[in-house]
Amino acid sequence: MNAESPENLESSSESESSGGSASALSSGGSASAPTPGMVYLVGAGPGDPGLITVKGLTCVRRADVVVADFLADDRLVAEAPAHAELIRVPWRPGRQEEINDLLVRHSRAGKTVVRLKGGDPFVFGRGGEEGLHLQRSGIPFEVVPGITAAVAVPAYAGIPVTHREITSSMTVVTGHMSPDKDRSDLDWDALARRIGTLIFYMGARNLPFIAERLIEHGRPKDTPVALIQWGTTTEQRTLVGTLDDIVSRARSAAFTPPVLIVVGEVVALRPQLDWFETKPLFGVRALVTRARDQAGELSELLVQHGAEPVEAPLIRIEAPEDWSATDAALADLSVFDHAVFTSRNAVEAFFSRLNHKGLDARALGGVRVAAVGRATAGALRSRGIEADDQPEVFRAEKLVVTLAGNRDLRNARVLFPAADIAGPAVEEGLTAAGASVTRVTVYRTVLATGMPDDLASMLEDGKIHLAVFASSSAVSAFAKAAGPDGPQRWTRGVRIACIGPSTAETAAEAGLSVDIVPGEATVPALVDAIVRDRLATGEPPAE
């Protein structure tokens, strides 16, 4: 399926260039104002960042300015280009006019603007007001609908808003009302007698008033009611009761906004259809310390099992400052008997430089290639090379045993492309076996110099339940970022998961108490081990 792309997303520089040329011809060279940029009113969905539409995400990724509600997930805002200006606008009384002016001002500067709104822009989202203001101001705009909370939030709580054996209708109502207002504002008699499902937005503070009015106008007291807090996120909580007791239940459970209220017989289906809150890692917030471009598989698997990954890469992968040693090796690869790769990063960096020199996998013809780990072997396979040697245990040191056990390594010439901070085990082991090792640095691992403020706040507030380390360098980066007090300060009550024994050893040396190590050093095995640990230990710490 082809991704739907928004129209009229010319860059501001193109618009200004074409507009400026026309102006210069007609006015003797004076420049006119840039053509207004398109404003996209984009629905971000109700919370889960995966619920944004393809077109909505495309708009965010091509924006010059993103004006986002506080309900728009940080992971969606992070999809904006590096040059984009990011503006958070939590709503408050009087703020709407400021937001309207922001959209107009940035559009008139020739920029593509995305107004990222929770849910759907036109369902209690003030998108209509913003669209009217843009229209009156002569600003071009498009609406990109979002998945509305009225449907998605009950679905994540296991409640279908319609069911052919129960009800074929639903009514969406704003619960943000004043009990002092005239009762004619809402037709309570019609709402109470309607057999369909009632969905109340923003009704947490008015729950007593809503329940009282529905009962007063004829809705049975035993009508099922569900309150869903922070729907579609890992903080989702669902409280079920009846019109008669839901107020007391909500007080006991300390339910606070944002809350969606569902009234109707469909609520009774929740025990059979609760698919989200029953996931094994539901409610677990997991720190993922991999480099951002490599966190995808790990984060995706955690999400599939119900966890919320907090991606805070503390390392950056950068090119070496000096390629001369690598380039000398690439100039005559035929002299080597073996090439040893101990990470996917090493494979990608090595072949990137190989391609830069106008070469490809054929340059390794006649060279036996060894790989540590499935990810490394997979990276080689994507380059058209099947690893000749792989240790049964995924540790770099075991690779030495594998190579030495299969053949005589005396006088063998081995090329070892590695990171600048790679340990000496492989090189020392091969040298001890009689091999001549040429180690070349193909990438640098740059460690963060301090704990990011947002991550530090989450750790200090107990909002991280699990820290996942997929490499020894990730552990080292965390230890360095932790500062002189050490990583123990930041990990009280946090379970520690490491991808393999080497990483676990590094963690132990840094003073961390490791709880989870899979039998196989792969990302899927790591997540499976995390799931088993959660099932064995129960709920994460209460926040």
query = Quick one: side chain to side chain contact (heavy atoms under 4.5 Å, CB included) partners of Ser137, sequence neighbours excluded?
reply = Val104, Arg108, His133, Ile139

request  = Determine, for Arg532 against Asp528, whether the closest basic-nitrogen to carboxylate-oxygen distance falls under 4.0 angstrom.
outcome  = no

key: Check: Glu130 and Asn100 side chains under 4.5 Å, non-hydrogen atoms   = yes

query = Which residues pass the salt bridge (Lys or Arg N to Asp or Glu O under 4.0 Å) test with Asp101, sequence neighbours left out?
reply = none

message = Restricting to side chain to side chain contact (heavy atoms under 4.5 Å, CB included), what partner residues turn up for Ala192, sequence neighbours left out?
response = Leu214, His217, Arg219

inquiry  = Arg105: which residues meet the salt bridge (Lys or Arg N to Asp or Glu O under 4.0 Å) condition with it, sequence neighbours left out?
reply    = none

ask   = Under the side chain to side chain donor-acceptor pair (under 3.5 Å) test, which residues partner Asp515, sequence neighbours left out?
value = none

inquiry  = Applying side chain to side chain donor-acceptor pair (under 3.5 Å), can you list everything that pairs with Arg95, at least two apart in sequence or on another chain?
reply    = Glu98

ask   = When you check the gap from the basic side-chain N to the acidic O, do Lys55 and Glu142 get nearer than 4.0 Å?
value = yes

ask   = Listed by chain and number, what are the salt bridge (Lys or Arg N to Asp or Glu O under 4.0 Å) partners of Asp74, not counting sequence neighbours?
value = Arg88

ask   = Which side chain to side chain donor-acceptor pair (under 3.5 Å) pairs, counting each pair once, include a residue from residues 155-164, with sequence neighbours left out?
value = Asp48-Tyr156

task = Not counting sequence neighbours, which residues clear side chain to side chain contact (heavy atoms under 4.5 Å, CB included) with Val267? List them please.
result = Ile159, Pro224, Ala226, Val240, Val262

key: Contact list for residues 249-266, test salt bridge (charged side-chain N to carboxylate O under 4.0 Å, His left out), sequence neighbours left out   = Asp245-Arg249

Side chain to side chain donor-acceptor pair (under 3.5 Å) against Gln229, all qualifying residues, sequence neighbours excluded = Arg237, Thr256

message = Under the side chain to side chain donor-acceptor pair (under 3.5 Å) test against Asp64, which residue among His83, His106, Lys111 passes?
response = His83

task = Tell me, please, which residues at least two apart from Asp69 pass salt bridge (Lys or Arg N to Asp or Glu O under 4.0 Å).
result = Arg115

key: side chain to side chain contact (heavy atoms under 4.5 Å, CB included) partner of Ile228, the single match among Leu239, Ile261, Thr238   = Thr238

query = Within a strict 4.5 Å, meaning less than it, do heavy atoms of the Arg75 and Glu311 side chains meet?
reply = no

query = Would you call the rings of Phe276 and Phe282 parallel, tilted or perpendicular if under 30° counts as parallel and over 60° as perpendicular?
reply = perpendicular

